[in-house]
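Beneath this line is the structure, given in structure tokens, with notes to follow.
In what follows, chains carry the letters A, B, and so on, assigned in the order in which the sequence lines appear, proteins first and then strands, with residues in each chain numbered from 1. Worth saying up front: this structure is predicted, and the values here are computed from it rather than measured.
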Protein chains: 2
Amino acid sequence: MSDATSKPPSHAAIFGAATQLFAEKGYAATSVRDIGAAAGVDASLVIRHFGSKEQLFIDTMKIDLDHNPLMAGPLESLGERYIDFILTADDQVRGVFLALLRASDSGSIGTELRSAHEDAFVSPIKQRLDGDDADLRARLAGSLVGGLLYSLWVVGDETLAATDHRQIVRRYGALLQALITP
Amino acid sequence: MSDATSKPPSHAAIFGAATQLFAEKGYAATSVRDIGAAAGVDASLVIRHFGSKEQLFIDTMKIDLDHNPLMAGPLESLGERYIDFILTADDQVRGVFLALLRASDSGSIGTELRSAHEDAFVSPIKQRLDGDDADLRARLAGSLVGGLLYSLWVVGDETLAATDHRQIVRRYGALLQALITP
DNA sequence: GTCTATAATTGGATAGAC
DNA sequence: GTCTATCCAATTATAGAC
């Protein structure tokens with residue numbers, strides 16, 4: 001961790017290959033052998049470097065949404081801007097969200113999903129809310145946002161996916177806004 | 001299907017055991033051997049009767065929400081009543097929803113989730129909506145409802161689970177109501 | 001650090017006797 | 001209709017040579 005030689009190149013190669021494969025094909029459908037092959041190393045190295053398949057999954061599947069510019073904007077339009085932001089999230093975010101969701105029946109992965117959900121969908125909004133029911137409203141906001149991802153990405157509602165984003169932003173954003181500024 | 005002798009008792013025993021095990025432990029964690037043992041028959045019978053594990057899963061994991069009495073009520077209070085109805089759904093519904101969700105990366109199971117979502121969360125509401133954007137509003141209602149199940153059951157938001165149902169019904173129901181009667 | 005070889009298990013599905 | 005026996009494929013993880 002401290003000196004430059006502590007992580008061999010294979011470590012990064014495995015990490016990169018695992019990140020891509022898990023996000024593309026999910027946890028169960030991705031074998032340690034697949035990861036090793038994609039990284040150009042033997043499968044046993046994967047375990048040696050990361051301990052277990054599950055640990056590697058937890059290490060790689062992090063949702064990294066940087067919404068600083070988003071959250072800094074005016075509170076009155078946060079609802080619409082947040083939904084717009086979510087709708088334009090990139091493929092990697094979708095892959096990680098789906099992989100975490102589908103593998104969440106394993107205890108430690110469930111914990112990981114819980115904290116990812118909290119960090120990405122609850123806390124950012126909660127920080128900008130006032131009042132004694134701010135916590136409840138932020139959690140319902142998390143449900144609302146998660147529900148859109150659920151119907152678009154898990155269910156795969158094609159009608160919704162084909163709908164002009166601006167319509168969804170307007171209608172669904174208004175609902176989110178009602179939780180932010182009641 | 002037509003005469004009484006076409007389905008041996010083992011058929012029903014397997015069906016019942018599979019329904020329970022899939023809902024409790026999920027698709028991947030339930031083996032055909034587990035199902036056979038729980039039904040008191042050999043594992044090979046499971047395949048002989050249902051063709052494959054996946055087919056048995058699809059046959060058993062049906063969400064059966066009877067919301068006739070709910071949907072018949074006044075439209076102005078449908079939002080709150082629907083959320084209340086969802087929050088008090090029984091364990092079986094939760095198990096089936098979770099199992100379908102987590103196994104939905106298999107193509108045919110994904111199709112099953114799609115139709116279950118449509119039948120349980122979109123169509124019932126859509127039938128009571130008017131206007132040219134009724135379809136969009138019904139689909140967003142489905143997202144909203146699905147999102148509540150997602151955060152309660154998949155994420156396992158314990159704060160939300162410990163919150164008085166009436167508070168959730170009031171706040172989240174109002175959002176659903178805004179889609180029903182804008 | 002890296003690979004070869006393999007352990008140890010488990011899974012779904014099938015053939016064929018009864 | 002039901003069971004015994006088995007096949008075949010795939011998995012994660014480890015031991016040990018280099």
May I have the distance from [X] (atom [atom1]) to [N] (atom [atom2]), rounded to whole angstrom?
X: B/Leu56; N: C/dG12; atom1: CG; atom2: P; result: 11 Å
X: A/Ile47; N: D/dA15; atom1: CD1; atom2: C1'; result: 14 Å
X: A/Phe50; N: D/dT14; atom1: CZ; atom2: P; result: 16 Å
X: B/Lys7; N: D/dG1; atom1: NZ; atom2: P; result: 9 Å

Below 4.0 angstrom, which residues in residues 13-32 of chain A have at least one non-hydrogen atom near DNA chain D? A/Thr30, A/Ser31, A/Val32
What orientation do B/Trp153 and B/Phe97 show, parallel under 30°, tilted 30 to 60°, or perpendicular over 60°? perpendicular
Below 4.5 Å, heavy atoms only, C-beta onward: do B/Tyr172 and A/Leu144 meet side chain to side chain? yes
Answer whether the closest heavy-atom distance between the side chains of B/Asp84 and B/Glu80 falls below 4.5 Å. no
Straight-line distance of A/Leu65 CG to A/Asp119 CG, nearest 0.5 Å: 10.0 Å
Rounded to the nearest 0.5 Å, how far apart are CD1 of B/Ile63 and NE2 of B/His117? 10.0 Å
Geometric cation-pi criterion, B/Lys53 with B/Tyr27: 6.0 Å, 45°: yes
With distance as the sole criterion, is a donor-acceptor pair present between the side chains of B/Ser108 and B/Glu112 under 3.5 Å? no
At under 4.0 Å between heavy atoms, which parts of nucleotides 2-9 of chain C does protein reach? Answer with one letter per nucleotide, 5' to 3': B base, S sugar-phosphate only, - none. BBB-----
If the threshold is 4.0 Å, N to carboxylate O, is there a salt bridge linking A/Lys62 and A/Asp64? no
